[in-house]
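The block underneath contains the structure these notes are about, expressed in structure tokens.
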Amino acid sequence: MSQIDLVVKRSRRIEGLLRDHYHAQGKGLHQLISSCEDRIPNHLIPKLRFIATIRNKTVHEDGYKLKEKSAFVKTCQMCEKELMPRSGRFIWGVVWTLIIALIFISLGFYAYHWPRIHLVT
């Protein structure tokens, strides 16, 4: 994945979260952040501004190289996690827990009953 592709995809996810869950309005990421600053946790605002600045430099400055790609990705992941509504994360956690529990119950059931199963031919 190219640098521009990575930065644009990550920033678009954050833009979507801001629009959908925080009712942000504006054209760019900086405007979206400004429009919903009062609804975003204060510790996220500098990180979101960092992401918006990197996005603008990557897209608009010719020859810009992202020096700390892993730091950018880590910041984006942290912001996405914080901006995601908590109920959504809770529900997905419950779903995955149930799926894993059912898999283990099924494996236990078949391990216990496997010697008694006779294949009819």
## Note on the structure
To the nearest 0.5 Å, atom SG of Cys79 lies from atom CD1 of Ile14 at 5.0 Å
#### Entry: Minimum heavy-atom distance between Pro115 and Ala111, given as atom pair plus value
CD-O, 3.9 Å
### Query
What closest approach, in Å, do Ala71 and Thr75 show between heavy atoms, and which atom pair accounts for it?
O-OG1, 2.8 Å
### Message
Are more than 12 heavy atoms, taken from residues, nucleotides or ligands other than Glu61, located less than 6.0 Å from that residue's CD atom?
### Response
yes
### Query
Side-chain contact, heavy-atom cut-off 4.5 Å: Ile40 with Leu18?
yes
### Query
Should Leu107 and Ile99 be counted in the same cluster of Ile, Leu, Val, Met, Phe, Trp and Tyr side chains packed under 4.5 Å apart?
yes
### Task
Could you check if a side-chain atom of Leu66 sits within less than 4.5 angstrom of a side-chain atom of Lys57, using non-hydrogen atoms only?
no
### Message
In the structure I gave you, are the side-chain heavy atoms of Glu82 and Met78 within less than 4.5 Å of one another anywhere?
### Response
yes
### Query
Should Ile103 and Val95 be counted in the same cluster of Ile, Leu, Val, Met, Phe, Trp and Tyr side chains packed under 4.5 Å apart?
yes
#### Entry: Side-chain donor or acceptor of Ser35 paired with backbone N/O of Gln25 under 3.5 Å
yes
### Tyr22 and Leu17, any side-chain heavy atoms less than 4.5 Å apart
no
### Message
What's the separation between atom CH2 in Trp92 and atom CE in Met84, rounded to the nearest 0.5 Å?
### Response
10.5 Å
### Message
I need the Thr58 OG1 to Gln3 CD distance, nearest 0.5 Å.
### Response
5.0 Å
### Message
How long is the straight-line distance from OG1 of Thr53 back to CG of Leu29, given to the nearest 0.5 Å?
### Response
9.0 Å
### Query
Under the 4.5 Å side-chain heavy-atom rule for ILVMFWY, direct or indirect, which residues accompany Ile4?
Val8, Val59
### Query
Do Glu68 and Lys74 come close enough that some side-chain heavy atom pair is under 4.5 Å?
no
### Task
Would you name the heavy atoms of Ala24 and Leu32 that are closest together and state the gap between them?
CB-O, 3.5 Å
### Message
How close do Arg10 and Cys76 get, counting heavy atoms only, and between which atoms?
### Response
CB-SG, 3.7 Å
### Any Arg116 side-chain heavy atom under 4.5 Å of Tyr112 side chain
yes
### Query
Roughly how far, to the nearest 0.5 Å, is the CZ atom of Arg55 from the NZ atom of Lys9?
14.5 Å
#### Entry: Single-linkage hydrophobic cluster, 4.5 Å side-chain cutoff, Ile105 and Tyr110 together
no
### Spatial distance of atom CD (Glu37) from atom CD1 (Ile33) [nearest 0.5 Å]
8.0 Å
### Query
Does the side chain of Ile54 reach to within under 4.5 Å of the side chain of Tyr64, using non-hydrogen atoms?
yes
### Query
What residue pairs, at least two apart or across chains, pass salt bridge (Lys or Arg N to Asp or Glu O under 4.0 Å) with a residue in residues 18-36?
Glu15-Arg19
### Query
Using a distance-only test with no angle check, is there a side-chain donor-acceptor pair under 3.5 angstrom linking Ser34 and Arg49?
yes
